[in-house]
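Shown next, in C-alpha cells, is the structure this report addresses.
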There are 2 protein chains.
Amino acid sequence: MKPILANEKTFEHYAEAFKSLSDPKRLKLMNELCARGQVCVCDLCEIMEMNQSKLSYHLKILLDANLIIQEKKGKWNYYALNQKQVNHLLSSELCCLFRPSD
Amino acid sequence: MKPILANEKTFEHYAEAFKSLSDPKRLKLMNELCARGQVCVCDLCEIMEMNQSKLSYHLKILLDANLIIQEKKGKWNYYALNQKQVNHLLSSELCCLFRPSD
DNA sequence: AGTATATATCAAAAAAAATTGATGCATAGA
DNA sequence: TCTATGCATCAATTTTTTTTGATATATACT
C-alpha cells in the first residue's frame, strides 16, 4: 500500500475528490446506486427526477472521481457505485450511507 | 450514537462538509494545524503564504464545518484542528494526513 | 435505409465561490 | 488617551460550477 504523502499534489488530488462529493444531488445519486446496484441512465433520470443532460453532468463528475463505475450494454449505459473508492475516502460511519442495506 | 439517515437533510449536511474539504488550500491548512497544534492567524498567514483576508475566509469555512476549533487569547485568535470531526468524516487512511506525526 | 431511443457533449446563461482591497473593531502597550 | 497590532467582515470583481436547451452519436428495430 502506497503511503499518502502530505504534499501539494496530494492536497489537490483529494480536494478534487471531495469536490465531487460536495453536492447533495451527487450524494443522493450514490446512495441510490448503492441501494439498487447497476442502474441505467434513463432509470436514474426517473429515480432522481432530473433531466438527462443534468444527470449525465453529475454522473461524469462522479465517474471522473472514480466514485462510480460505468458499463455499457447495448443501447444502455449502466452505472454502479465504486465501493472501494468510497471506502478509501470516507469514514466507516459515513460509508453506511453508501453501503448495501442501510 | 445517532444513526445517519439517508434523507435530503443528511445529503445536504454532508455535501456542505465535503465542500469545505474541497479546496487544496484548506486541506493544507488542516494539515499544518494538525502538525503544529494551536496556531494564531498571523502565524498561519506566514505558514500558508496567504494574505490575512483570504486566510480568514478559509478559516471561517472550516470553522463553520466544525473541522477546526477557535480560541481567543487576548489579542490573538488561535485555531486548531478538530480531530473528532475529521475522524467522523474521513477514512482512517486519509485521517493520517491530519493526524499528529505523519 | 429510415426511425426511435439512450446517452454524451456543447455553448450560453445563471448561480455560487474565491480573491482583493478597504474598513472597522478589539486589545494592548506607550 | 493615542497608536499599533491582530483579526473579522464588507463590497466589488474574478473565477468556477451548475443548469438549460440544443445537437451529435451510437445502437437497435422496422
Side-chain angles (χ1 to χ4, degrees), chain A residues 8 11-30 32-33 36-82, chain B residues 8 11-30 32-33 36-82:
Chain A
E8 197 50 37
F11 297 135
E12 273 165 22
H13 173 76
Y14 286 107
E16 268 306 305
F18 292 127
K19 187 170 298 178
S20 64
L21 292 167
S22 72
D23 182 303
K25 293 171 233 69
R26 293 196 287 268
L27 295 184
K28 176 160 163 46
L29 195 39
M30 288 170 64
E32 294 290 350
L33 287 179
R36 296 165 192 263
Q38 262 197 343
V39 188
C40 71
V41 176
C42 56
D43 287 351
L44 277 175
C45 274
E46 300 198 354
I47 292 164
M48 295 292 298
E49 299 181 356
M50 207 181 274
N51 70 54
Q52 178 268 313
S53 169
K54 191 170 170 176
L55 180 58
S56 281
Y57 168 78
H58 289 291
L59 284 170
K60 181 160 175 24
I61 287 174
L62 292 175
L63 189 64
D64 288 348
N66 197 29
L67 282 160
I68 59 176
I69 291 166
Q70 191 187 39
E71 186 179 355
K72 186 161 188 183
K73 295 184 188 173
K75 228 158 84 162
W76 290 275
N77 231 340
Y78 286 83
Y79 287 91
L81 194 62
N82 183 359
Chain B
E8 198 50 38
F11 297 134
E12 272 165 23
H13 173 77
Y14 286 108
E16 268 305 306
F18 292 127
K19 188 169 294 175
S20 64
L21 290 168
S22 73
D23 182 304
K25 293 171 232 68
R26 293 197 286 268
L27 295 184
K28 176 162 163 44
L29 194 40
M30 288 171 63
E32 295 290 349
L33 287 178
R36 297 165 192 264
Q38 261 196 343
V39 187
C40 70
V41 176
C42 55
D43 287 350
L44 276 176
C45 275
E46 301 198 352
I47 292 164
M48 295 293 296
E49 300 181 355
M50 208 181 271
N51 70 55
Q52 179 267 313
S53 168
K54 190 169 170 178
L55 180 58
S56 281
Y57 170 77
H58 289 291
L59 284 170
K60 180 158 176 26
I61 287 173
L62 292 174
L63 188 64
D64 288 348
N66 197 29
L67 283 160
I68 59 175
I69 290 164
Q70 192 186 40
E71 186 179 354
K72 184 162 189 183
K73 296 183 188 172
K75 226 158 87 162
W76 289 275
N77 231 341
Y78 285 84
Y79 288 91
L81 195 63
N82 183 359

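A, B, ... follow the sequence lines: proteins, then strands. Residue 1 opens every chain.
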Min side-chain heavy-atom separation B/Gln52-B/Cys42 under 4.5 Å: no
Interatomic distance, B/Met48 CE vs D/dC7 C1' [rounded to whole Å]: 17 Å
4.5 Å side-chain heavy-atom contact, B/Met50 and B/His58: yes
Spacing of A/Lys60 atom NZ relative to D/dT19 atom C1', expressed in whole Å: 17 Å
A/Leu63 CG - C/dT9 C1' separation (whole Å): 14 Å
Distance in angstrom units between B/Glu46 CD and D/dT5 P, rounded: 14 Å
B/Asp64 CG - C/dA18 P separation (whole Å): 12 Å
Phosphate OP1/OP2 of C/dT19: any B/Asn51 side-chain N/O under 4.0 Å: no
Separation of atom CE in B/Met50 from atom P in C/dG21, rounded to whole Å: 15 Å
Sugar-phosphate or base contact per nucleotide [nucleotides 11-18 of chain D; S, B, -; heavy atom under 4.0 Å]: ------SB
Pairs involving residues 15-25 of chain B, ordered by first then second residue, that meet side-chain hydrogen bond (donor to acceptor under 3.5 Å, both in side chains) (sequence neighbours left out): B/Asp23-B/Lys25
Minimum-distance pair of heavy atoms, taken over all atoms of A/Tyr79 and A/Val41: CE1-CG2, 3.5 Å
B/Leu59 CG - C/dA17 P separation (whole Å): 18 Å
Heavy-atom side-chain contact between A/Ile68 and A/Leu29 under 4.5 Å: no
Sub-4.5 Å side-chain heavy-atom contact between A/Arg36 and A/Ile47: yes
Polar side-chain contact A/Ser53-C/dT9 base: donor and acceptor under 3.5 Å: yes
Interface with DNA chain C, restricted to residues 66-79 of chain A and to heavy atoms under 4.0 Å: A/Gln70, A/Lys75, A/Trp76, A/Asn77, A/Tyr79
Atom-to-atom span, CG of B/Leu55 to C1' of D/dG6 - whole angstrom: 12 Å
Straight-line distance of A/Leu59 CG to A/Leu33 CG, nearest 0.5 Å: 7.5 Å
Nucleotide of C/dA8, D/dT20, D/dA8 approaching B/Gln52 most closely (side-chain heavy atoms): D/dA8
Flag side-chain contact, heavy atom, 4.5 Å: B/Glu32 against B/Val39: no
